[in-house]
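Shown next, in structure tokens, is the structure this report addresses.
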Amino acid sequence: MTDHPGSDRRIEIVPSVLPADFSRLGQEVAALEQAGVDRIQWDVMDGRFVPNLTFGPDVIAACRAHAAVTFEAHLMVEEPDELASRYVDAGCEMLIVHAEACRHLHRTLAHLRELGARPAVALNPATPVDAVEHVLDLVDMVLVMTVNPGFGGQDDIDTMEPKIAELRRLVLDGGHDVDIEVDGGIGPKTIQGAAEAGANILVAGSALYRDPAGLAHAVSELRDLAEATRR
Ligand code: DX5
């Protein structure tokens, strides 16, 4: 096992539900679980923080009984404090808020923990790592966006790899028990760069749904590629 940063943390493959068939979301969620994913990420967009509109808490609640895996809500919204409890009630164990949307990030993250959720914070591509330096003790995970959020199917911004490595160093130097997630343009050609830089939670949308061999093949291929960076 190479001892590169983060190699002690479990690799997890997490689907973004954005490319799924919205007319049959319950079955799609069950199919993702059967395909061997470790969690399911719901991309929650409010049409203000990002120029797109997606899943209200009732949609997610309606899908909760269709799978047992952890649901995480990636809140791409302007006022996460206003909505957080409704996503916890909908069955999301982890809530991810954007540092750029929180005037009082420290208070917001503490509030998520009080709600019984696992708190996480996300960084847009242009936001520096030190925006979260003083809240690493409050979170279970930091999400480094590898695309500008709002849409699936974009190419990853490969200049994010040094940023992932800088964050992994900050986490290790501080002795924090924090996972690093990446999201946006992750697929067979890009996943190893992100994993080698220090990410251990890898979100993929279009790369899973466009695999002609199906979801299970796509999930295991991505997992094998990411884990190969550990050998
Ligand atoms: C974009 C979302 C991502 C996106 C990933 O704002 O946060 O989760 O759906 O999709 P791909 O893997 O297609 O870039």
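First listed ligand is number 1; within each ligand, the first listed atom is number 1.
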Measure the distance from [atom] to every protein heavy atom, then report the residue, atom name and distance (to 0.1 Å) of the closest one.
| atom | result |
| --- | --- |
| atom 13 (O) of ligand 1 | Ser206 OG, 2.5 Å |
| atom 2 (C) of ligand 1 | Asp43 OD1, 3.5 Å |
| atom 3 (C) of ligand 1 | Asp183 OD1, 3.0 Å |
| atom 1 (C) of ligand 1 | Phe151 O, 3.4 Å |
| atom 6 (O) of ligand 1 | Gly150 N, 2.7 Å |

Just to verify, which of Val17, Ile201, Ile96 counts as forming a side-chain contact (heavy atoms from CB on, under 4.5 Å) with Gln41?
Ile96
The residue among Asp183, Ile164, Val129 that forms side-chain contact (heavy atoms from CB on, under 4.5 Å) with Val144 is Ile164
Close N or O approach ([X], ligand 1; < 3.5 Å):
| X | answer |
| --- | --- |
| Gly153 | yes |
| Gly152 | no |
| Val147 | no |
| Gly205 | yes |

Using a distance-only test with no angle check, is there a side-chain donor-acceptor pair under 3.5 angstrom linking [X] and [Y]?
| X | Y | value |
| --- | --- | --- |
| Arg168 | Asn200 | yes |
| Ser16 | Asp43 | yes |
| Thr229 | Glu196 | no |

Whether over 12 other heavy atoms sit under 6.0 Å from Arg113 CZ:
yes
Run the side-chain contact (heavy atoms from CB on, under 4.5 Å) test on Asp81 and His111 for me, step by step, so that the C-alpha distance in whole Å, both residues' side-chain angles and the decisive distance to 0.1 Å come before the verdict.
CA-CA 8 Å; Asp81 293 288; His111 174 59; 4.1 Å; yes
Which of the numbered atoms in ligand 1 are under 4.0 angstrom from any heavy atom belonging to [X]?
| X | value |
| --- | --- |
| Gln41 | 8 (O) |
| Gly184 | 14 (O) |
| Gly185 | 11 (P), 12 (O), 14 (O) |
| Met76 | 6 (O), 7 (O) |
| His74 | 7 (O) |
| Met145 | 7 (O) |
| Ala204 | 12 (O) |
| Met45 | 6 (O) |

Ligand 1 versus Ser16, non-hydrogen atoms closer than 4.0 Å: side chain, backbone, both, neither?
side chain
Would you say the ring centers of Phe22 and Phe55 fall short of 6.0 Å from each other?
yes
Within 45 degrees of the axis of the six-membered ring of Phe71 and under 6.0 Å from its centre: does Arg39 put its NZ or CZ there?
no
Might you point out which heavy atoms bring Gly36 and Val219 nearest each other, and give the distance in Å?
O-CG1, 3.8 Å
NZ/NE/NH1/NH2 to OD/OE distance under 4.0 Å, Asp156 and Lys189
no
